[in-house]
Number of protein chains: 2
Amino acid sequence: MDDDPRVRTWAPVCRAVAALLGPYAEVVLHDPGTDRILAVWNPMSARGPGDPSLLGELDALDPAAPDVFGPYEKLLADGRRLSSVSAILRDADGRASVVLCVNLDRTPLEQAAAVLSAFGAPAASRPEPLFEHDWSDRVQHVVGSYVRECGRPVERLTRADRLAVLARLEEARVFAVRRATPVVARALGVSRSTLYGLLAELRAPNTKDHAR
Amino acid sequence: MDDDPRVRTWAPVCRAVAALLGPYAEVVLHDPGTDRILAVWNPMSARGPGDPSLLGELDALDPAAPDVFGPYEKLLADGRRLSSVSAILRDADGRASVVLCVNLDRTPLEQAAAVLSAFGAPAASRPEPLFEHDWSDRVQHVVGSYVRECGRPVERLTRADRLAVLARLEEARVFAVRRATPVVARALGVSRSTLYGLLAELRAPNTKDHAR
DNA sequence: TCCACATTGGACGTAGAGTCCAGCCATGGA
DNA sequence: TCCATGGCTGGACTCTACGTCCAATGTGGA
């Protein structure tokens, strides 16, 4: 793996970032062609060269895509919370050469900040981010704004429209809350069965059919 | 105990020190005559008024002894490392009135210092995260901050503590999300059964028992 | 030492999450 | 007009996991 010319090209910057951010950051180089890991500096998970990248959503080969993603939040199996940025690094011809990811472990910093701030605080300040007081509002909001965007009322949405709305709701983790499915089905004006059908299609886009 | 005139005299300074040093310091007032505890602010061990002082080596009644001892190191049963100072407080006639002890838990500070020095960077105190995309983070956050507030690790929380934590989680609508209960149980270090028991008690405070 | 009580694992009943299917309706092509 | 296709539907079904209950086990205090 180390003899890959791309690794030779980008390794110095990876080593530099890994050295700068000390033991709390992991630097990963991905191959956008094979969707596999090329090299890892300062690994925090058990992944190594050759393992699948699992980059998923970001499509490096799309020339219209932006070059830098994030920072966004990732979660490790052991509960550590990471701040991650990804960058598409291009060769002289502008083609995507590799994808660089930097994963910074935020938990030690957050612990430190919490300890220090706890010292100044006379009364125990209640940590109350409490955003989605009502998740069903969020459903209405997502559906409503989509309807406004495309100018069609709910009952005239196409199948593709519904898939798009569901993608947003899925991204908002709406289906992780209990009893959410019937609410979404009603908001979309479809039956429970249809909703599950759409969700299945959404979650397995490759397996179009032929599965019988 | 609170009506002891010496406690009335010295309580304000004890409260002040306890308030200043946040949840990480315990202030204890001892009676050098009976060698027993008069009062405790912000207790970290299970000791309370009336318990033996176990001051041992320091003899408050010896007029030749110095007034301030320490700081010296103590070790708690759970492994926390304390920095302690003791002072002999005297009345108007110069007789030893009480012995004041301040025990500061050094472990959180040491952790913070290690993290920050590892980075070699000044502390940019970060505000709490506003967007909690992942509800299991919220669980950890609520439990963690409660533990920090009361200075006891998870496994030494009392039943009342656990009820308080559960109240916050309930208020944060954590139990509306699927598969949350086992996560919370693990975070609190109790079994699923116990968790449901605590939740029942929390949700029906009037119906103490007699329900059979 | 004994008692009271909290905790535990496990068994159990049930709600709700997903799956599957046969039938229905709409659209569109002959 | 008729038929074929494909999505939608209600309903029946399975299975996960939610919540309850209980006997057994610790554990701390008189």
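Here is how names work: the chains are called A, B, and so on, in the same order as the sequence lines, proteins then strands, and each is numbered from 1. In this text the structure is predicted, and so the values were computed from the model without any measurement.
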*Asks:* Does B:P182 or A:S191 map to a spot on DNA chain D nearer the 5' end, using the closest nucleotide for each?
*Replies:*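 Counting from the 5' end, the first nearest nucleotide belongs to A:S191.
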*Asks:* Whole Å only: how far is the CG atom of B:L163 from the C1' atom of C:dT7?
*Replies:* 14 Å
*Asks:* I want to check one thing: is the phosphate of D:dT16, taken as OP1 and OP2, less than 4.0 Å away from some side-chain N or O of A:R178?
*Replies:*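 False: A:R178 side-chain N/O out of range (4.0 Å or more) of D:dT16 OP1/OP2.
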*Asks:* Rounded to whole Å, please give me the gap between OH in A:Y196 and C1' in D:dC13.
*Replies:*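 That distance rounds to 14 Å.
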*Asks:* Regarding D:dG10, can its base be found pairing with the side chain of A:S193 as donor and acceptor, where the two atoms are less than 3.5 Å apart?
*Replies:*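 Result: at least one qualifying N/O pair found.
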*Asks:* To the nearest Å, how far apart are A:F175 CZ and C:dG18 P?
*Replies:* 9 Å
*Asks:* To the side chain of B:R179, which of D:dT20, C:dG18, C:dT7 is closest?
*Replies:*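 Out of D:dT20, C:dG18, C:dT7, the nucleotide with an atom closest to B:R179's side chain is C:dG18.
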*Asks:* Side chain of B:D31, backbone of B:L38: donor and acceptor closer than 3.5 Å?
*Replies:*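 No, because the side chain of B:D31 does not come within donor-acceptor range (under 3.5 Å) of the backbone of B:L38.
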*Asks:* Starting at CD of A:E201 and ending at P of D:dC8, how long is that distance when rounded to a whole Å?
*Replies:* 9 Å
*Asks:* Over how many whole Å does the gap from A:R162 atom CZ to D:dT9 atom C1' extend?
*Replies:* 12 Å
*Asks:* Kindly say whether, by distance alone, the side chain of A:R192 makes a donor-acceptor pair under 3.5 Å with the base of D:dG10?
*Replies:* no
*Asks:* How many Å lie between CG on B:L198 and C1' on C:dT7, as a whole number?
*Replies:*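 Atom-to-atom, B:L198 to C:dT7, this comes out as 10 Å.
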*Asks:* Tell me, do B:R159 and B:L198 make a side-chain contact under 4.5 Å, heavy atoms counted?
*Replies:*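 Heavy-atom side-chain distance check passes, below 4.5 Å.
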*Asks:* Can you tell me whether the side chain of A:T181 and the base of C:dG18 have a donor-acceptor pair closer than 3.5 Å?
*Replies:*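 Absent.
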*Asks:* Restricting to non-hydrogen atoms, name the atom on A:L188 and the atom on A:R162 that form the minimum distance, rounded to 0.1 Å.
*Replies:*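 The answer is O-NH1, 3.8 Å.
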*Asks:* How do B:V177 and A:V190 order along DNA chain D: which one's closest nucleotide is nearer the 5' end?
*Replies:* A:V190
*Asks:* State whether the side chain of B:R179 and the backbone N or O of B:V177 hold a donor-acceptor pair below 3.5 Å, judged by distance alone.
*Replies:* no
*Asks:* Hey, does the side chain of A:T194 come within less than 4.0 Å of D:dC8's phosphate (OP1/OP2), counting only N and O?
*Replies:*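 The answer is no; no side-chain N or O of A:T194 sits under 4.0 Å from OP1 or OP2.
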*Asks:* Could you check how far CG of A:L199 sits from P of C:dG18, rounded to whole Å?
*Replies:*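 The distance from CG of A:L199 to P of C:dG18 comes to 8 Å, rounded to the nearest Å.
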*Asks:* How long is the line joining CZ of B:R159 and P of C:dT8, in whole Å?
*Replies:*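 That distance rounds to 11 Å.
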*Asks:* Go through the steps to decide whether B:V27 and B:L100 satisfy the test side-chain contact (heavy atoms from CB on, under 4.5 Å), and finish with yes or no.
*Replies:* CA-CA 7 Å; B:V27 179; B:L100 167 78; 3.5 Å; yes
